[in-house]
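Notes follow the structure.
The structure displayed is predicted, hence computed values, not measured ones. Along the sequence shown, residues are numbered consecutively beginning with 1.
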Amino acid sequence: AYVQGLRDSGWEGNSRDVRLGFYAQFVVQLSYAAIGIGQWAAGVPLEVRANLEARTQFRYEDLPTLFARKAENIPHYVDEIDDLLGSSGRY
């Protein structure tokens with residue numbers, strides 16, 4: 001649906017690049033979630049919590065649940081990333 005919206009607006013790029021962009025942002029979100037979980041377990045100062053909330057756009061208390069949801073998708077995402085990176089000499 002997202003790529004179709006881009007195409008409908010006149011974009012003529014490679015959908016593979018859009019997929020790679022999605023997975024790049026996924027890795028960033030997953031990294032922030034992992035950091036948040038580690039700090040959550042250790043007890044974290046309020047200013048660090050505020051920074052994590054600002055970066056992730058989620059409440060600090062919600063990070064463990066969000067991480068668990070993301071983690072469920074990791075096997076599928078790894079397969080997709082492998083397919084994307086293996087299908088071109090570009091990356």
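By the criterion of side-chain heavy atoms lying less than 4.5 angstrom apart, applied directly or through intervening Ile, Leu, Val, Met, Phe, Trp or Tyr residues, Val18 is not grouped with Ile81; the two fall into different hydrophobic clusters. Residues Tyr2 and Trp11 fall within the same hydrophobic cluster, defined by Ile, Leu, Val, Met, Phe, Trp and Tyr side chains chained together at heavy-atom separations under 4.5 Å. A chain of hydrophobic side-chain contacts below 4.5 Å, direct or via other Ile, Leu, Val, Met, Phe, Trp or Tyr residues, connects Ile74 to Leu85.
One distance of note links CG of Asp79 with CG of Leu84; it measures 11.0 Å at 0.5 Å rounding.
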Would you check, one step at a time, whether the test side-chain contact (heavy atoms from CB on, under 4.5 Å) holds for Asn51 with Glu47? CA-CA 6 Å; Asn51 186 21; Glu47 62 273 5; over 6 Å; no
Would Val3 and Phe22 count as a side-chain contact (heavy atoms from CB on, under 4.5 Å) if you check the C-alpha gap in whole Å, the side-chain angles of each, and the deciding distance to 0.1 Å? CA-CA 11 Å; Val3 172; Phe22 169 81; over 6 Å; no
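Every residue two or more places apart in sequence or in another chain that forms a side chain to side chain donor-acceptor pair (under 3.5 Å) with Gln4 is listed here: Asp8.
The backbone N or O of Tyr60 sits less than 3.5 Å from a side-chain atom of Glu53, completing a donor-acceptor pair.
Residues Tyr23 and His76 share a closest heavy-atom pair of OH-NE2, 4.2 Å.
Between Arg19 and Glu80 there is a salt bridge, with a side-chain nitrogen of the basic residue lying less than 4.0 Å from a carboxylate oxygen of the acidic one.
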